[in-house]
Amino acid sequence: MSETTIPILPCRTIQPVLDFYTTLGFTVTFRQQSPNPYAVVERGGIQLHFFALKRYEPTESHSTCYVLTDDVDGLHDAFRARLKEAYGRIPTRGLPRIGPLRDTSYGMRQFLVTDPGGNCLRIGERTSREQHHRPAPGGPVSRALHHASLLADSKEDPESAARVLDRILGAADERPTPAQSLRLLVLRADVAGRLGDEETARSALARAAAIRLTGRERESARDDLERLAELKD
């Protein structure tokens with residue numbers, strides 16, 4: 001037997017959603033105006049269906065689906081390049097937006113893309129057979145990073161993430177490593193931007209950019225350095 005699951009996602013109007021996905025490299029393979037607005041986009045093995053709902057509010061959407069891939073880094077790079085070419089920058093806040101590429105505590109390397117309809121695509125590649133959340137790491141800094149990342153990127157709760165980060169950044173008795181400081185500040189700038197707190201975002205980015213890393217630290221912090229460059233752009 002062979003089965004396929006296809007998500008059917010809502011939006012207020014079809015055309016902005018189709019424009020966004022064609023920017024990402026999808027092809028519109030079906031379009032219907034009546035009796036109900038409906039459309040299908042495809043890219044490789046990804047197929048997404050959309051329907052229009054007049055009273056739908058994209059900013060309050062909880063619609064989501066998971067896309068499994070065997071090349072999450074390549075897909076992330078391709079999407080970012082196409083978005084930058086189309087918009088002149090990589091959209092990291094508001095609608096639409098693309099999130100950072102991160103290794104999760106549940107054996108996935110993933111990123112999030114949210115379309116103009118407020119639908120969130122979680123796109124990931126398995127890095128472990130163990131798909132359950134691992135226990136939070138030891139140490140206040142590592143634990144804060146763990147929880148703040150989950151709140152910001154998995155639960156999309158930037159307010160709670162900001163509180164966790166502010167507590168650890170303001171703790172006088174904690175001494176994060178340079179790589180940890182970079183990640184704390186990049187994530188703080190990220191969530192500040194999502195919350196419209198431009199002053200905090202600028203301050204965190206400036207502090208992050210001033211951190212000096214060794215060659216080995218830069219390699220381990222590659223994802224955070226890429227996110228820093230995106231947020232500064």
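This structure is a prediction, so every number in the text was calculated from the model and none was measured. FYI, the numbering just counts along the sequence from 1.
Between the T23 side chain and the L83 main chain, no donor and acceptor come within less than 3.5 Å of each other. Checking side-chain atoms of S203 against main-chain N and O of E199 turns up no donor-acceptor pair under 3.5 Å. Between the side chain of T200 and the main chain of A192, no donor-acceptor pair closer than 3.5 Å is present.
Counting non-hydrogen atoms of other residues, nucleotides and ligands closer than 6.0 Å to CD of E85 gives a total of 12 or fewer.
Counting all heavy atoms, side chain and backbone alike, P58 lies closest to L95 at CB-CD1, 3.8 Å. The two residues G117 and V17 come nearest to each other via the heavy atoms N-CG2, 3.9 Å. R97 approaches T92 most closely through the heavy-atom pair CB-C, 3.8 Å. Nearest heavy atom pair, residue V164 against residue A148, reads CG1-CB, 4.1 Å. Listed here is the closest heavy atom pair of K54 and R12: O-CG, 4.0 Å. Considering every non-hydrogen atom in both R82 and T22, the closest pair reads NH1-O, 4.2 Å.
At least one side-chain heavy atom of D157 sits under 4.5 Å from a side-chain heavy atom of E159. At least one side-chain heavy atom of F79 sits less than 4.5 Å from a side-chain heavy atom of I123. Residues R212 and P178 form no side-chain contact, since every pair of their non-hydrogen atoms from C-beta on lies 4.5 Å or further apart. Taking 4.5 Å as the limit, some side-chain heavy atom of S142 sits within range of a side-chain heavy atom of Q180. Contact check for M108 versus R126: side-chain heavy atoms found under the 4.5 Å cut-off. With contacts defined as side-chain heavy-atom distances shorter than 4.5 Å, the pair L18/V41 qualifies. With contacts defined as side-chain heavy-atom distances shorter than 4.5 Å, the pair V40/Q47 qualifies. Residues Y21 and L121 are in side-chain contact: their nearest non-hydrogen atoms beyond the backbone lie under 4.5 Å apart.
With sequence neighbours left out, F51 forms a side-chain contact (heavy atoms from CB on, under 4.5 Å) with I8, P10, Y38, L53. For E60, there are no salt bridge (charged side-chain N to carboxylate O under 4.0 Å, His left out) partners two or more places apart in sequence or in a different chain. Shown here are the salt bridge (charged side-chain N to carboxylate O under 4.0 Å, His left out) partners of D223, two or more places apart in sequence or in another chain: R109. By the side-chain hydrogen bond (donor to acceptor under 3.5 Å, both in side chains) test, R227 pairs with D190, E230, sequence neighbours left out. Residues that satisfy the side-chain contact (heavy atoms from CB on, under 4.5 Å) test with S220, not counting sequence neighbours, are absent from this structure.
Side-chain atoms of D19 and Q15 form a donor-acceptor pair, as typed in the model, at a separation below 3.5 Å. Side-chain atoms of Y56 and S61 include a donor-acceptor pair closer than 3.5 Å.
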Quick one: do R216 and R218 satisfy side-chain contact (heavy atoms from CB on, under 4.5 Å)? Show the steps, please. CA-CA 5 Å; R216 180 173 295 181; R218 291 186 67 83; over 6 Å; no
Derivation and outcome, side-chain hydrogen bond (donor to acceptor under 3.5 Å, both in side chains), residues T104 and Q110: CA-CA 7 Å; T104 73; Q110 69 176 28; 5.4 Å; no
Verdict with reasoning, T64 to L9, per side-chain contact (heavy atoms from CB on, under 4.5 Å): CA-CA 8 Å; T64 189; L9 304 169; over 6 Å; no
Residues R207, S181; criterion side-chain hydrogen bond (donor to acceptor under 3.5 Å, both in side chains); working and verdict: CA-CA 9 Å; R207 292 170 62 190; S181 293; over 6 Å; no
Where do I98 and L112 land on the side-chain contact (heavy atoms from CB on, under 4.5 Å) test, with the steps shown first? CA-CA 6 Å; I98 185 169; L112 278 58; over 6 Å; no
Could you go through I168 and V141, starting from their C-alpha distance and side-chain angles, then the distance that decides it, and tell me whether this counts as side-chain contact (heavy atoms from CB on, under 4.5 Å)? CA-CA 7 Å; I168 199 67; V141 176; 4.2 Å; yes
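Using a cutoff of 4.0 Å between basic side-chain nitrogens and carboxylate oxygens, D224 and R102 are scored as salt-bridged. R222 and E217 are not joined by a salt bridge, as no carboxylate oxygen comes within less than 4.0 angstrom of a charged side-chain nitrogen.
Annotation: F20 is not in aromatic contact with F26 [ring centroid separation under 6.0 Å not met].
Here L184 contributes atom CG and E174 contributes atom CD; the two are 10.0 Å apart, rounded to the nearest 0.5 Å.
For residues 20-48, no pair satisfies salt bridge (Lys or Arg N to Asp or Glu O under 4.0 Å), with sequence neighbours left out.
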